[in-house]
Amino acid sequence: MTSRLADVKTDSREPQVDLSVRIGRLTLANPVMPASGTFAEGLEQVFDFNRLGAFVTKTITRDYRSGNPTPRVAETASGMLNSIGIPSKGLATFLSDTLPFYRRYRPPLIVSISAPTAEQFAELARELTVPGIAAIEANISCPNIEADGRAFAMLPDSTETVVRRLRAATELPLWVKLTPNTADIAAVASAAEAAGADALVVANTILGMAVDADTFRPRLGSIMGGLSGPAVKPIILRMTYQAARAVSIPVIGCGGIGTAEDAVEYLLAGATAVQVGTATFLHPNATPEIIDGLATFCCRRGIARIEDLVGALVLDDASLPAAAS
Amino acid sequence: MTSRLADVKTDSREPQVDLSVRIGRLTLANPVMPASGTFAEGLEQVFDFNRLGAFVTKTITRDYRSGNPTPRVAETASGMLNSIGIPSKGLATFLSDTLPFYRRYRPPLIVSISAPTAEQFAELARELTVPGIAAIEANISCPNIEADGRAFAMLPDSTETVVRRLRAATELPLWVKLTPNTADIAAVASAAEAAGADALVVANTILGMAVDADTFRPRLGSIMGGLSGPAVKPIILRMTYQAARAVSIPVIGCGGIGTAEDAVEYLLAGATAVQVGTATFLHPNATPEIIDGLATFCCRRGIARIEDLVGALVLDDASLPAAAS
Amino acid sequence: MTLARPGQFFHLLCTGEMGMLAPFFRRPMSAYLADPSSGRLEFLYKVNGRGTRALAALQPGEELNVLGPLGRGFRLDPSWKNIVVVGRGVGLATLAPLAEAAAAQRIKVTAILSARRPDLLMSAERFQNTGARVLPVYDSDGSSAPEEVEKLLDRLIASRLADAFFVCGSQRLLRLLQRFSETHAIPGQVALEQQMACGLGMCFCCVRPFREDGKIAQRRVCWEGPVFNLQEALA
Amino acid sequence: MTLARPGQFFHLLCTGEMGMLAPFFRRPMSAYLADPSSGRLEFLYKVNGRGTRALAALQPGEELNVLGPLGRGFRLDPSWKNIVVVGRGVGLATLAPLAEAAAAQRIKVTAILSARRPDLLMSAERFQNTGARVLPVYDSDGSSAPEEVEKLLDRLIASRLADAFFVCGSQRLLRLLQRFSETHAIPGQVALEQQMACGLGMCFCCVRPFREDGKIAQRRVCWEGPVFNLQEALA
Ligand SMILES: Cc1cc2nc3c(=O)[nH]c(=O)nc-3n(C[C@H](O)[C@H](O)[C@H](O)COP(=O)(O)OP(=O)(O)OC[C@H]3O[C@@H](n4cnc5c(N)ncnc54)[C@H](O)[C@@H]3O)c2cc1C
Ligand SMILES: Cc1cc2nc3c(=O)[nH]c(=O)nc-3n(C[C@H](O)[C@H](O)[C@H](O)COP(=O)(O)OP(=O)(O)OC[C@H]3O[C@@H](n4cnc5c(N)ncnc54)[C@H](O)[C@@H]3O)c2cc1C
Ligand SMILES: Cc1cc2nc3c(=O)[nH]c(=O)nc-3n(C[C@H](O)[C@H](O)[C@H](O)COP(=O)(O)O)c2cc1C
Ligand SMILES: Cc1cc2nc3c(=O)[nH]c(=O)nc-3n(C[C@H](O)[C@H](O)[C@H](O)COP(=O)(O)O)c2cc1C
Ligand code: FES
Ligand code: FES
């Protein structure tokens, strides 16, 4: 029996390679950070927070929200569905309690935010433009079940509108988190870039559903929810590739990453950094292990700077796009 | 060691329940059929074809097509990517060789077709309106890599255009196979219904990608391909539910179905029948096993007619949609 | 050093089933025995679905990835002299270590152990070995019926053997104990269950509703619990 | 009844790795031995990636789901008296049953078995037991170099010991044999490999290019093969 809680703090070696990446005017010590909503103070028991490339908070809203009915999660093949529903203690508690906690650590703090309207998004970003916050991650991508899964980031237009308002509201670096529930990720990515985003996060969860064949009921209290985990990796990796080709700002890949090899695949496809979500639920020290694994990978392959991997996918003439099945 | 090839022909029991389902004016003996492109004459070695609810052919095109470069498939977590590229012997060979083969069996033959333009789609449907063909399945959903994954079925407009042309071209029942690479499956489904589709198949594969972290190359010869298998089930099940709520024609669910329980989940979510794809590659007799399993399920639960399961999802007041994570 | 305090749990990675990253989530299990001197950790569980089936399929010598101890366990107030522990089913797995901890603090334990039939009663011996007085009650002879358990409780309270209540494993017993706790102003604790993904307070999937200053608040079973104030839990 | 003809293969479900529906696909393996009388089926394989690693982890007595026999095996023309079998690496696993089938039909076999080093040569004994003449060639002493193998072939052809060629396991040997086959108008067959999903001709992922009436045609290795006409294969 192995208790990870007991043995991981010792596992921090100094990398020989330059793992740092630049996301706009921010430089991260390494390209690995938690995905919003899959990280919390509790992980302090498991590994040294100073090892992270950055912190990304659970999405916060201006006011208190209690979240969705239970069951809030369901297991699927190599993945999970969630309909947590962004429970949030609200802005005031965030500023008074959460912010001071993270200021004790070195990695930059990225604050994920959500709001029901573009104006309220901007207002929240303005109120969060305070010392100790390194960037805003606008979660305009969250499957909004009230609108049958629609969200700002489903269309280029609504993306552009909300990002412009956000851009005008804050001096902080502005990351925009996209939804995979769109038909054209490249168009949405371009709209966010045009409106002033400093980086894109690709992507949030894919809207899904599960049914219990015994009870004839949905497995989630709110019927539908977001799919994440290894199952979605091929889809989100493809979107990362499409988005990175479409824009010149950095793209941060997020979907099904659980190992250093997964992270390398995202970097090759064009991501400048990665976020790790669901993997942390199964292996709480997935993030530091990925960082170690990336250092090992670069050493073994003689790669001096991890940024050299970004977009280094090798295409030959034979692999020109053609019609698929 | 077990050789399925050797022992499955014996496994055909007569169901006690009424497994038949109506898809428009067609009545199928049971709701289970192969998905296009995942079935061929070779399976004759494995089980009795007369057990199927229907046959669905690999998508055929008017002219010969050789398909995509290799590698054409890649393994992913609980799924597979393919970029086979619709190799086709063309219409003439289909009519002279394939059609007579299937006429030896009882189940109705559904012919899947594809064409580059709406006009050519209609033309092909017209030429296939011959005895021995029970319905046309228009594969307007196939991720067309030439257009970076775009296909007719990505938008309601182009769906309506092509389905109208098809409807005018043939008297045969017209099934329309949708793509999951759309932002709004309900709108596309409604467009297909408005244009005269008799049934919808939800859905084709989800555009994805995989990268080899050793060679830095895409794992598929054509870079991107379609994701299928258990990994996609929550996504396609959700789309089946959304489509079935949006239209009054039958919806045929297709995505990650490998067991009778999977099929039940689709029926509960609103599918009238199901197609089995990737599962047949791993377990060639998945389809007859699902049919047996459905009969057993209905017996055990005292369900006299399988159609009673269609859309029988139980929702209570607590599971009203709310905002997701 | 303790390996785990009574009421704490471990999160078990039971990816045992061939051919699936399945079950995908870890499974929470109370530490049934956590002996720091031998490093021995025991779980007592009921085979339920895929996760527990995979656990049951483990062979001696095979490895199991466990995360923990997690959560907040039972708290024993040094002023208590006599406590009443009420459990049913595998809830007893959670309560057994509490009986030992109480004994170590010279707190006397009365354990009302409920089961469908005598042969399904679990851990009675372990409670007995701690010196606890064991009162088994069964569905089969009607002794587990609410009114019977109420009589037992009335007697214990009358005999001043109930400075605090501890309950686990039955919603019905929880409601019953809440009522007694309220009526007689006797404090209590309950160990609750809820589906868990992370087990570390990150995902907020394991919430349950609690009374908090007249309002209803959602608390995470893995983080604020799994042991909660008996009065605050909404049964 | 035969369990499998030489050159046919089985499709193995090696979902062995803990915690993943992984590897997702089956893995194709030639029947190294298929004895209908005992019902015994043997595979000889090189551990490569996840699938073969999972195979290697199987314990005696564990079950393995195999599908087959599949594909079209080698064809032996009754008019042939002497054949030459050329293989390398695990390609020999595919060719060994052919040597036995030839012996049963009183066809004499010369087997050129290529390996990196003598200790890596596989199945030589099995070929010898069939009565085949075994000519081992090695990289380590230079005897496996094309010009050396050519000399061997020239001699076999001169001695009329080459009514047909059979090759498996090396692209370089394939090209060499194709050249000899063409020059000397000697027929031949090659067993080819390609990644496979279904193994039953359904998915069209396993295609390779072949010469067909002056054009290039894609054929499925699992269905039209894995054994093909030596001349038609595009090496
Ligand atoms: C803190 C805590 C301690 C526990 N201690 C014990 C114990 O000591 N012995 C014991 O037998 N059981 C205990 N349980 C319950 C145990 O976690 C479930 O029986 C187990 O998760 C069921 O998994 P499964 O795969 O067998 O069932 P499935 O029904 O296949 O599980 C499906 C999902 O539901 C969850 N789930 C199902 N039942 C429960 C439940 N009762 N509580 C929480 N999640 C559930 C599973 O974790 C999984 O995510 C405890 C639960 C919690 C929360
Ligand atoms: C008809 C046929 C017969 C074969 N007989 C034998 C045999 O007797 N002994 C033996 O050692 N090997 C044989 N092979 C090769 C064997 O199938 C591969 O070594 C095996 O699939 C590798 O799987 P992996 O998971 O270890 O490797 P991975 O590299 O992890 O496999 C990744 C994917 O590529 C495929 N793949 C990788 N290498 C090959 C290959 N050489 N041929 C086909 N697919 C491949 C895998 O099947 C899988 O789909 C045969 C192949 C074919 C087509
Ligand atoms: C339980 C859970 C809660 C989440 N909460 C949020 C959230 O609050 N804000 C957000 O932007 N994304 C949220 N996500 C999405 C993740 O940040 C991430 O985009 C997604 O899970 C895909 O990555 P993964 O496959 O690595 O998990 C949540 C995901 C999960 C599983
Ligand atoms: C190898 C392969 C080939 C396919 N070819 C076709 C095709 O020709 N036409 C089509 O409409 N769908 C095709 N599909 C998609 C399937 O019919 C089905 O929609 C998809 O695989 C999802 O179902 P599944 O998860 O059960 O496999 C193909 C899928 C695979 C895996
Ligand atoms: S299980 Fe994740 S917060 Fe409790
Ligand atoms: S492996 Fe599917 S056609 Fe050959």
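By convention in this document, chain letters (A, B, ...) are assigned in the order of the sequence lines, proteins followed by strands, and residues within each chain are numbered from 1. We use all heavy atoms of the structure for the numbers below, so side chains are in, but hydrogens, waters and symmetry mates are not.
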Note, [X] side chain near [Y] side chain (heavy atom, < 4.5 Å):
{"X": "A/Met209", "Y": "B/Leu313", "answer": "yes"}
{"X": "A/Arg217", "Y": "B/Asp316", "answer": "yes"}
{"X": "A/Leu207", "Y": "B/Ile235", "answer": "no"}
{"X": "A/Arg238", "Y": "B/Leu81", "answer": "no"}
{"X": "B/Val211", "Y": "A/Tyr241", "answer": "no"}

A/Asp262 portion near chain B, given a 4.5 angstrom heavy-atom threshold: neither

If the condition is side-chain hydrogen bond (donor to acceptor under 3.5 Å, both in side chains), which residues does A/Ser228 pass it with, not counting sequence neighbours? A/Thr278

For side-chain contact (heavy atoms from CB on, under 4.5 Å), just list the numbers for B/Asp212 and A/Leu268, CA-CA rounded to whole Å, side-chain angles, deciding distance to a tenth of an Å, and then say yes or no. CA-CA 9 Å; B/Asp212 187 326; A/Leu268 292 170; over 6 Å; no

Heavy-atom pair with the smallest gap, counting every atom of [X] and [Y]:
{"X": "A/Leu227", "Y": "B/Ala231", "value": "CD2-O, 3.9 Å"}
{"X": "B/Ala213", "Y": "A/Glu265", "value": "CB-CG, 4.3 Å"}
{"X": "B/Ala210", "Y": "A/Leu237", "value": "CA-CD2, 3.9 Å"}

Answer with side chain, backbone, both or neither: which region of [X] has an atom nearer than 4.5 Å to a non-hydrogen atom of chain A?
{"X": "B/Thr215", "result": "backbone"}
{"X": "B/Leu309", "result": "side chain"}
{"X": "B/Phe297", "result": "side chain"}

Sequence-distant partners of B/Phe121, ring-ring contact (aromatic ring centres under 6.0 Å, His included), two or more places apart: B/Phe152

I'd like to know which of [options] tops the heavy-atom pair count under 4.5 Å against chain A.
{"options": "B/Ala312, B/Pro234, B/Ala269, B/Ala260", "answer": "B/Pro234"}
{"options": "B/Gly229, B/Gly208, B/Gly256", "answer": "B/Gly208"}
{"options": "B/Leu155, B/Asp214, B/Thr240, B/Val264", "answer": "B/Asp214"}

Step-by-step side-chain contact (heavy atoms from CB on, under 4.5 Å) determination, A/Phe216 to B/Arg301: CA-CA 11 Å; A/Phe216 290 18; B/Arg301 301 290 296 249; 3.6 Å; yes

